[in-house]
Amino acid sequence: MGYFLKSADEIEKLRRANLAVSAVLDAVEAACKPGASTWDLDEIADHKLKELGAKSAFLDYHGYPRVLCASVNEVVVHGIPRKDVVLKSGDIVGIDFGCFVDGFCGDSARTIPIGEVSAETQKLIDATRQSLDLAIEKCVPGNRLQDIGWAVQSHVEPLGFSVVRTFVGHGIGKKMHEDPPVPNYGSPGRGLRLKEGLVLAIEPMVNAGQPEVEVLEDGWTAVTKDRSLSAHFEHSVAITANGPVVLSRA
Ligand code: MF3
Ligand code: CO
C-alpha cells in the first residue's frame, strides 16, 4: 500500500502518455459506426498506437489479449474485441485504452453512441460523462477521496441509474494501477486527503438498471447482471496547486 506523489516533471510525462491515449481514442471514436466490428476498432487502436511509438498498457496485462477494451451495451467493462461483435445503430460502445510513453502510463475511456440511440440511452451516457466532470471538480488539494465517489453517486442515483461497485478507479503513474483505489461511491468529507501531485484515473461505470455485474466465461467480459445498459467514462487527472488538470483531454 501507499501512493506516489508526482513531480511537475512526472506529471508532464503522464500528460504525454495521456495525449497519446486521447489521440488513439479519437481515431477509434471516428470509426464507431454501424457495421464496424469491435475487432476493427482494436486494429485501428493498435495501428495508431504504433504510429505514436507508444506501448500498450492492456495487451498481456494479466493475460488480456488485445490493446483495446470495447464494451457494447450491457457490457460494463473489459469487452474483448471480436470480429463477430458488429456495431449497429442504437448500440453504445465503451472504448477503454491505455498506453505507456517514456515509462509513464495514460488511461482513458469514453462511451460512444452508434447511429441513432434512444433518449433514455443518451441520458445514461450524458449522466455518466457529467458525473465524471463533477468528480474531476473535486480533485483539489484538501478535499477527500470519497468526495470524488460521492460526486458520481449523488449525480446519477437521483436520475434512476446505479453505480457499479465491483470495479473502481485507481492511482496511475509508472504503473497503470497504483494506490489509492478510487470508488465511484462514498460519503462526502471521508477518506484520504487529496494532495498536490496525486494523479488519479477516475472512471465511473453507471448502469441503467441494478448495480450488480457478472464476469462471463472468457474471464474478462463484465456484464450487468440484469443485462441493462451500462456506460463508462475515464480520465486521468492530476491534482495540482492550481486545481485539477485533466491529462487525458486534448
Ligand atoms: N482501463 C482499465 C482500467 O483502468 C482496463 C484495463 S483492463 C486490461 O483498469 F486488462 F485491459 F488492461
Ligand atoms: Co483505468
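Heavy-atom basis, side chains included; hydrogens, waters and symmetry copies ignored. Position 1 is the first residue of the sequence, and the numbers go up from there. Start at 1 and go down the list; that is how both ligands and their atoms are numbered.
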Inspect the contact between Arg249 and Asp133 and indicate whether a charged nitrogen and a carboxylate oxygen are less than 4.0 angstrom apart.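 Yes, charged N to carboxylate O under 4.0 Å.
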
Does the ring centre of Phe167 sit less than 6.0 Å away from the ring centre of His232? no

Okay, side chain of [X], backbone of [Y]: is any donor-acceptor separation there less than 3.5 Å?
X	Y	value
Asn207	Phe161	no
Lys6	Ile172	yes
Asp179	Gly2	yes
Asp42	Val67	yes

Any protein N/O atoms within less than 3.5 Å of an N/O atom in ligand 1? List the atom names and distances, or say none.
{"unit_1": "ligand 1", "atom_1": "1 (N)", "unit_2": "Asp96", "atom_2": "OD1", "d": "2.9"}
{"unit_1": "ligand 1", "atom_1": "1 (N)", "unit_2": "Asp96", "atom_2": "OD2", "d": "2.9"}
{"unit_1": "ligand 1", "atom_1": "1 (N)", "unit_2": "Asp107", "atom_2": "OD1", "d": "2.9"}
{"unit_1": "ligand 1", "atom_1": "1 (N)", "unit_2": "Asp107", "atom_2": "OD2", "d": "3.3"}
{"unit_1": "ligand 1", "atom_1": "4 (O)", "unit_2": "Asp107", "atom_2": "OD2", "d": "2.9"}
{"unit_1": "ligand 1", "atom_1": "4 (O)", "unit_2": "His170", "atom_2": "NE2", "d": "2.8"}
{"unit_1": "ligand 1", "atom_1": "4 (O)", "unit_2": "His177", "atom_2": "NE2", "d": "3.4"}
{"unit_1": "ligand 1", "atom_1": "4 (O)", "unit_2": "Glu203", "atom_2": "OE2", "d": "2.8"}
{"unit_1": "ligand 1", "atom_1": "9 (O)", "unit_2": "His177", "atom_2": "NE2", "d": "2.6"}

Excluding waters, how many protein N/O/S atoms sit closer than 2.8 Å to the Co ion (ligand 2)?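 For the Co ion (ligand 2), the figure is 4.
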
Quick one: salt bridge (charged side-chain N to carboxylate O under 4.0 Å, His left out) partners of Arg15, sequence neighbours excluded?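 Partners of Arg15 by the salt bridge (charged side-chain N to carboxylate O under 4.0 Å, His left out) criterion come out as none, since no residue qualifies.
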
Contact list for residues 185-201, test side-chain hydrogen bond (donor to acceptor under 3.5 Å, both in side chains), sequence neighbours left out: Tyr3-Lys195

Between Asp9 and Ser7, do the side chains contain an N or O donor and an N or O acceptor separated by less than 3.5 Å? no

